[in-house]
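Everything on this sheet refers to the single structure shown next.
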2 protein chains.
Amino acid sequence: MKSKMQMIESILKGKNIKLTKQRKAIMEIFLNYDEHFKPEEVYDLVRNQGIGLATVYRTIEILKIHDIIEEITIGKDRYYELKLFSEKALHIHFTCKKCNRIYDYDKTEMVLDLIRLRNFVEKEYHVDVEDMKIMMKGICEKCRR
Amino acid sequence: MKSKMQMIESILKGKNIKLTKQRKAIMEIFLNYDEHFKPEEVYDLVRNQGIGLATVYRTIEILKIHDIIEEITIGKDRYYELKLFSEKALHIHFTCKKCNRIYDYDKTEMVLDLIRLRNFVEKEYHVDVEDMKIMMKGICEKCRR
DNA sequence: CTTGATGCAAAGGATTTGCACAAAT
DNA sequence: ATTTGTGCAAATCCTTTGCATCAAG
C-alpha cells in the first residue's frame, strides 16, 4: 500500500513535475501537520534546509493547482491546508472575531446538508460544482464567557 | 419612508462619520448597481468626480466595518458588494473555472439549508455565528456546452 | 471654528519574476 | 544531456499611511 506521500508523488510525476527535495520538504509540512499555514509560516519551517521563500510560493501554487492543498482567505490573510486525503474533506472554517482563532468543523451531520446544498445548486443552475468552501464568522465558545 | 441612502446616512451619522460628497458617491455605486466591485472598479466609476483611490479604499473600509457592504475573496481578487438591504442576504457565490465569471445564487430553498447549518454549528460548537459565506467553484452552464 | 476627511505621493507588505546556476530525469 | 527547478534580488501589485490642505458639522 502506497503512503500518502507516494500517492502525491505519483500524481505529480504524471505531470512532468520534478520531485525535488525542496518540494518534498514542503509537502511534508502539509502532510505531517493537518493544519493551515501561511506561506511565511511554511517558509519558517523549511528555511533551515536552505529553501527560499520564492520556492515556497512556487510549490504552494503547484500543490494548489493539483488540488493537493486548498487555499482559504480570512480577512487579509491567505492560508493553505491539505485537501487531498483530508478526512475533513468538506468542512467549515469558523473565525472568531475576538481572538481571531480559526477553527475547522467537520461533523458528518453537516456534510449531509452541504451535499444537499451542492446537489440543489447543480440542478437549479445547471452547473458542475467541483469545490465548495464555507466560512463562518462570529464569537467562539472561549470568548463568549 | 426613508430611502436606502438616507438609512445608511443615519447609521453613519451616529458614529461621527461625516457625509462627504466622496462617500456619498461611492455609496451610490453599491446602491445603484447591486453587484460586486473591486476597489479599482469603484475608482474608475468615480475618478471623474475627482475622487482619489485612497479615498475609495478608506470608504470601502468604513462601509465594510459597519456591515453596509461585504467583502468576498475569489482567488487573488477582492470584491465588495452591498450587504445591507440586499434581498439576497444569504447567498452563494459561484465562480466558473473556465470563464471566471462570478454568479450570485439566492433561491430560498437554499437559504433554509443554510440556516439549518448555522443553527447546527451554533449548538454543536457553542459559538455565535454572525456571518457566513459560501463559495462554490466549478463549471457554469454556458461553459459546459 | 474644530474636527475629521481628502488627495497626492511615498511607504509597506505580499507575491511574482528574471536570470545564472544546480539538480532531476 | 536536457529540461525543469532553485535561490537571490529586483520588480510588481495591491493597500495603507503621512502630511498639508479642505470641507462638514
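Chain identifiers are assigned alphabetically (A, B, ...) following the order of the sequence lines, protein sequences preceding nucleic acid strands; residue numbering begins at 1 within each chain.
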Any chance you could measure A/Glu70, atom CD, to A/Leu84, atom CG, to the nearest 0.5 Å?
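That separation rounds to 11.0 Å.
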Just distance, no hydrogens or angles: give the donor-acceptor pairs under 3.5 Å from side chains in residues 137-145 of chain A, sequence neighbours left out.
| unit_1 | atom_1 | unit_2 | atom_2 | d |
| --- | --- | --- | --- | --- |
| A/Arg144 | NH1 | B/Val127 | O | 3.2 |
| A/Arg144 | NH1 | B/Asp128 | OD1 | 3.0 |

Expected rows: protein N/O vs nucleotides 10-12 of chain C N/O, under 3.5 Å:
none

For A/Ile60 and A/Ile69, work out which heavy atoms get closest and say how close.
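It is O-CD1, 3.7 Å.
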A/Tyr43 to A/Ile51 - nearest heavy-atom pair and separation:
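Smallest heavy-atom distance, with atoms named: CE1-O, 3.2 Å.
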Of residues 47-57 of chain A, the positions that come close to DNA chain D - non-hydrogen atoms, cut-off under 4.0 Å
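A/Gly50, A/Ile51, A/Gly52, A/Ala54, A/Thr55, in order of number.
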Anything under 4.0 Å to a heavy atom of chain B counts; send over the first and last such nucleotide of DNA chain D, read 5' to 3'.
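Result: D/dC14 to D/dG25.
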Could you tell me how far apart B/Lys76 (NZ) and C/dT16 (C1') are, to the nearest whole angstrom?
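Rounded to whole Å, this separation is 10 Å.
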Measure CZ/A/Arg78 against C1'/C/dT15 and give the value in whole Å, please.
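Taking CZ of A/Arg78 and C1' of C/dT15, I get 8 Å after rounding.
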Pairs touching residues 111-140 of chain A that satisfy ring pair (Phe, Tyr, Trp, His ring centres under 6.0 Å), sequence neighbours left out:
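Counting only pairs at least two positions apart or across chains, the ring pair (Phe, Tyr, Trp, His ring centres under 6.0 Å) contacts touching residues 111-140 of chain A are A/Tyr125-B/Tyr105.
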Which residues share a salt bridge (Lys or Arg N to Asp or Glu O under 4.0 Å) with A/Lys38, sequence neighbours left out
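By the salt bridge (Lys or Arg N to Asp or Glu O under 4.0 Å) rule, A/Lys38 matches A/Asp77.
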Applying salt bridge (Lys or Arg N to Asp or Glu O under 4.0 Å), name anything that partners B/Glu71, two or more places apart in sequence or on another chain.
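Testing B/Glu71 for salt bridge (Lys or Arg N to Asp or Glu O under 4.0 Å), a comparison that skips the adjacent residues, returns B/Lys64, B/Arg78.
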Evaluate the side chain to side chain contact (heavy atoms under 4.5 Å, CB included) criterion for residues B/Leu19 and B/Lys13: first the C-alpha distance (whole Å), next the side-chain angles of each, then the deciding distance (0.1 Å), finally the verdict.
CA-CA 8 Å; B/Leu19 294 165; B/Lys13 263 184 200 157; 3.6 Å; yes
Listed partners of A/Lys97 passing side chain to side chain donor-acceptor pair (under 3.5 Å), at least two apart
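Here the qualifying residues are B/Glu130.
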Using the test side chain to side chain contact (heavy atoms under 4.5 Å, CB included), find all partners of B/Asp113 that sit at least two apart in sequence or belong to another chain.
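Once residues adjacent in sequence are excluded, the partners of B/Asp113 under the side chain to side chain contact (heavy atoms under 4.5 Å, CB included) criterion are A/Arg116, A/Leu117, B/Arg116.
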Partners of A/Lys15 by side chain to side chain contact (heavy atoms under 4.5 Å, CB included), sequence neighbours excluded?
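Side chain to side chain contact (heavy atoms under 4.5 Å, CB included) check on A/Lys15 returns A/Ile11, A/Ile17, A/His66.
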Look for any protein N or O under 3.5 Å of an N or O in nucleotides 23-25 of chain C and output each such pair with its distance, or none.
| unit_1 | atom_1 | unit_2 | atom_2 | d |
| --- | --- | --- | --- | --- |
| C/dA24 | N3 | A/Lys18 | NZ | 3.1 |

Step by step, would you call A/Glu40 with A/Leu53 a side chain to side chain contact (heavy atoms under 4.5 Å, CB included)?
CA-CA 7 Å; A/Glu40 282 282 338; A/Leu53 181 56; 3.7 Å; yes
If you draw a 6.0 Å radius around CG in A/Asn48, do more than 12 non-hydrogen atoms from other residues or ligands fall strictly inside?
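Yes - once you tally the heavy atoms of other residues, nucleotides and ligands closer than 6.0 Å, there are more than 12.
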Neighbour count >12 (heavy atoms, 6.0 Å) for atom CE, B/Met7:
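Open: at most 12 neighbouring heavy atoms sit under 6.0 Å from CE of B/Met7.
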Relative to the 5' end of DNA chain D, which residue comes earlier, A/Arg58 or B/Glu40, by the nucleotide with the nearest heavy atom?
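That would be A/Arg58.
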Give the cluster check for B/Tyr80 versus A/Met135: same hydrophobic cluster or not, with ILVMFWY residues linked at side-chain heavy-atom distances below 4.5 Å.
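Hydrophobic grouping puts B/Tyr80 apart from A/Met135.
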Looking at five pairs on each end of the helix from C/dC1-D/dG25 to C/dT25-D/dA1, what is the angle between the two axes, given to 10 degrees?
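Answer rounded to 10°: the end axes differ by 40°.
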